[in-house]
Amino acid sequence: MSSKPYKIDQLISAKSIAARIEALVQDIERDFADTDKLVVVGLLRGSFVFIADLVREMSLPIEVDFLEVSSYGDAMESSREVRILKDLRGTIEGRDVLIVEDIVDTGHTMMNVTKHLAQRSPARLKSIALLDKPSRREVDFKSDYLGFEIPDEFVVGYGIDYAQRNRNLPFIGKVRFV
Ligand code: IMP
Ligand code: MG
């Protein structure tokens with residue numbers, strides 16, 4: 001895919017992300033202290049770096065599973081429907097579930113994913129997002145745990161892509177067209 005030339009300006013450093021994750025895990029471990037069956041579900045592909053860092057901070061007994069839904073294509077537009085491209089491998093019925101998302105934008109993706117997984121009768125269903133752009137919200141969704149609120153900027157890095165690129169950046173940067 002070709003795209004206009006752009007530069008990436010750092011918005012959140014790797015160090016800030018790591019510090020925020022430590023604090024978030026304290027909250028999560030307090031809330032799920034009694035669990036013996038937490039399934040941490042990463043939404044592919046954007047959450048793969050976040051979930052890797054998140055679970056390595058956790059000492060609760062957990063399992064990791066992944067779900068892939070379609071949201072954005074290779075464009076900066078949100079589609080309004082969510083389609084399951086890759087389903088969970090395991091069952092979540094009667095289990096505690098934490099959905100891990102990279103970024104909540106309009107809110108459609110997480111709203112739909114949450115509704116969908118709720119139908120499978122988990123014991124508890126919570127969500128964590130690394131980033132949130134509240135000014136872009138179109139539906140009433142709020143994650144239970146949040147890393148950072150950010151302004152309406154297109155961001156990349158730390159697992160998050162622009163046209164499949166830049167996922168490997170260790171920090172969060174904003175895209176600036178030049
Ligand atoms: P929503 O359904 O509009 O909330 O979109 C959420 C999804 O859009 C996220 O999982 C991301 O994959 C993608 N997304 C939203 N904002 C950005 C961005 O700034 N950079 C890259 N992907 C984004
Ligand atoms: Mg995504």
Side-chain angles (χ1 to χ4, degrees), residues 3 8-9 11-12 16-17 20-21 23-25 27-28 31-32 38-55 64-88 92 95-167 169 171-176:
S3 61
I8 295 167
D9 302 323
L11 189 63
I12 307 170
S16 307
I17 297 169
R20 189 72 193 110
I21 287 176
L24 286 167
V25 168
D27 293 347
I28 293 167
D31 296 349
F32 286 97
L38 180 64
V39 187
V40 183
V41 172
L43 288 197
L44 293 173
R45 282 170 267 178
S47 74
F48 81 103
V49 176
F50 183 34
I51 194 174
D53 282 348
L54 192 69
V55 297
V64 174
D65 206 341
F66 293 96
L67 182 70
E68 184 171 14
V69 299
S70 62
S71 50
Y72 283 65
D74 280 349
M76 289 184 180
E77 281 168 35
S78 172
S79 76
R80 295 292 173 265
E81 67 178 49
V82 165
R83 216 158 38 92
I84 293 195
L85 301 178
K86 184 216 159 291
D87 206 343
L88 299 176
I92 57 168
R95 309 192 72 183
D96 291 337
V97 177
L98 179 67
I99 310 171
V100 182
E101 172 65 314
D102 52 0
I103 173 163
V104 181
D105 189 44
T106 64
H108 287 281
T109 305
M110 281 302 282
M111 183 72 116
N112 285 310
V113 165
T114 304
K115 274 188 193 156
H116 182 87
L117 293 186
Q119 289 168 7
R120 300 184 190 183
S121 309
R124 273 186 290 182
L125 183 61
K126 299 232 181 198
S127 61
I128 180 169
L130 179 67
L131 305 174
D132 191 329
K133 298 184 206 171
S135 65
R136 296 257 311 157
R137 198 67 94 258
E138 293 177 7
V139 291
D140 185 19
F141 177 83
K142 194 169 181 292
S143 57
D144 297 291
Y145 309 95
L146 174 65
F148 305 89
E149 274 193 9
I150 60 168
D152 183 11
E153 302 275 2
F154 199 83
V155 295
V156 294
Y158 199 74
I160 302 171
D161 72 302
Y162 172 37
Q164 298 307 327
R165 305 284 293 273
N166 305 301
R167 292 190 194 274
L169 287 176
F171 57 88
I172 298 286
K174 54 183 179 183
V175 170
R176 173 169 50 88

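Count residues from 1 along the sequence.
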A.B. asks: To the nearest 0.5 Å, tell me how far Leu44 CG sits from Phe66 CZ.
C.D. replies: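 If we round to the nearest 0.5 Å, Leu44:CG and Phe66:CZ are 6.0 Å apart.
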A.B. asks: Give a yes or no on whether the backbone of Ser127 and the side-chain of Asp144 come within a donor-acceptor separation of less than 3.5 Å.
C.D. replies: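 It does hold such a pair.
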A.B. asks: Is any side-chain heavy atom of Ile12 less than 4.5 Å from a side-chain heavy atom of Leu131?
C.D. replies: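 When only atoms from C-beta onward are counted, Leu131 and Ile12 do touch, with a gap below 4.5 Å.
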A.B. asks: Closer than 4.0 angstrom, basic N to acidic O: yes or no for Asp105 and Lys133?
C.D. replies: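 Judged by the 4.0 Å cut-off on N to carboxylate O distance, Asp105 and Lys133 do form a salt bridge.
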A.B. asks: Between Ser143 and Phe141, which heavy-atom pair has the shortest distance, and what is it?
C.D. replies: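 Smallest heavy-atom distance, with atoms named: N-CE2, 3.5 Å.
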A.B. asks: Where is the tightest heavy-atom contact between Phe50 and Val100, given as atom of each residue plus distance?
C.D. replies: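 Of all heavy-atom pairs spanning Phe50 and Val100, the closest is CD2-CG1, 3.5 Å.
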A.B. asks: Less than 4.5 Å apart, any side-chain heavy atom of Val69 and any of Asn112?
C.D. replies: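 Not touching, per the 4.5 Å side-chain cut-off.
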A.B. asks: Apply the side-chain contact (heavy atoms from CB on, under 4.5 Å) test between Phe171 and each candidate in Val156, Ile8, Leu11; give the one that qualifies.
C.D. replies: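 Looking at Val156, Ile8, Leu11, the match for Phe171 under the side-chain contact (heavy atoms from CB on, under 4.5 Å) is Ile8.
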A.B. asks: Hey, which of Asp102, Asn166, Asp53 is the one that makes side chain to side chain donor-acceptor pair (under 3.5 Å) with Tyr158?
C.D. replies: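 Per the side chain to side chain donor-acceptor pair (under 3.5 Å) rule, the option paired with Tyr158 is Asp53, out of Asp102, Asn166, Asp53.
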A.B. asks: To the nearest 0.5 angstrom, please state how far the CG atom of Leu43 sits from the CG atom of Leu67.
C.D. replies: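 These two atoms lie 5.5 Å from each other.
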A.B. asks: Given Ile150 and Ile172, is the side chain to side chain contact (heavy atoms under 4.5 Å, CB included) satisfied, shown in steps?
C.D. replies: CA-CA 11 Å; Ile150 60 168; Ile172 298 286; 5.8 Å; no
A.B. asks: As an exercise, state the distance from CZ of Phe148 to CD1 of Ile103, rounded to the nearest 0.5 Å.
C.D. replies: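 Between Phe148 CZ and Ile103 CD1, I get 12.5 Å after rounding to 0.5 Å.
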A.B. asks: For Arg167 and Asp161, what are the C-alpha separation, side-chain angles and deciding distance, and is it a salt bridge (Lys or Arg N to Asp or Glu O under 4.0 Å)?
C.D. replies: CA-CA 5 Å; Arg167 292 190 194 274; Asp161 72 302; 3.4 Å; yes
A.B. asks: Once the angle between the rings of Tyr162 and Phe154 is folded into 0 to 90°, is it parallel (under 30°), tilted (30 to 60°) or perpendicular (over 60°)?
C.D. replies: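 Perpendicular: the ring planes of Tyr162 and Phe154 meet at over 60°.
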A.B. asks: Could I get the full list of salt bridge (Lys or Arg N to Asp or Glu O under 4.0 Å) partners for Asp27, not counting sequence neighbours?
C.D. replies: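 Partners of Asp27 by the salt bridge (Lys or Arg N to Asp or Glu O under 4.0 Å) criterion, ordered by chain and then number, come out as Arg30.
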A.B. asks: Run the side-chain donor-acceptor check on residues 113-121: report pairs under 3.5 Å with partners two or more places apart or on a different chain.
C.D. replies:
| unit_1 | atom_1 | unit_2 | atom_2 | d |
| --- | --- | --- | --- | --- |
| Thr114 | OG1 | Met110 | O | 2.5 |
| His116 | NE2 | Arg120 | NH2 | 2.9 |
| Arg120 | NH1 | Asp87 | OD1 | 3.1 |
| Arg120 | NH2 | Asp87 | OD1 | 3.0 |
| Arg120 | NH2 | Asp87 | OD2 | 3.0 |

A.B. asks: Give the minimum heavy-atom separation between Leu146 and Arg20, together with the two atoms involved.
C.D. replies: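 So the minimum-distance heavy-atom pair works out to O-NH2, 2.9 Å.
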A.B. asks: Are there over 12 heavy-atom neighbours, none belonging to Lys86, within less than 6.0 Å of that residue's NZ?
C.D. replies: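 More than 12 heavy atoms, drawn from other residues, nucleotides or ligands, come within 6.0 Å of this atom.
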A.B. asks: Give me the atom names and distance for the closest heavy-atom approach of Phe48 to Ile51.
C.D. replies: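 The answer is O-CG2, 3.5 Å.
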A.B. asks: For the OG1 atom of Thr106 and the CD atom of Glu138, what is their distance to the nearest 0.5 Å?
C.D. replies: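 It comes to 5.0 Å.
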A.B. asks: Using only atom types and a distance under 3.5 Å, with no angle test, would you say the side chain of Arg124 pairs donor to acceptor with the backbone of Leu38?
C.D. replies: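 Judged by distance alone, no pair lies under 3.5 Å.
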A.B. asks: Evaluate the criterion side chain to side chain contact (heavy atoms under 4.5 Å, CB included) for residue pair Leu130 and Val49; output intermediate values, then yes/no.
C.D. replies: CA-CA 10 Å; Leu130 179 67; Val49 176; over 6 Å; no
A.B. asks: Before accepting this row, confirm whether a basic side-chain N of the pair Arg137/Asp132 lies closer than 4.0 Å to the acidic partner's carboxylate O.
C.D. replies: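 Yes, charged N to carboxylate O under 4.0 Å.
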A.B. asks: Do you know the tightest heavy-atom contact between Met111 and Asp140?
C.D. replies: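 Heavy-atom minimum between the residues: CE-O, 3.5 Å.
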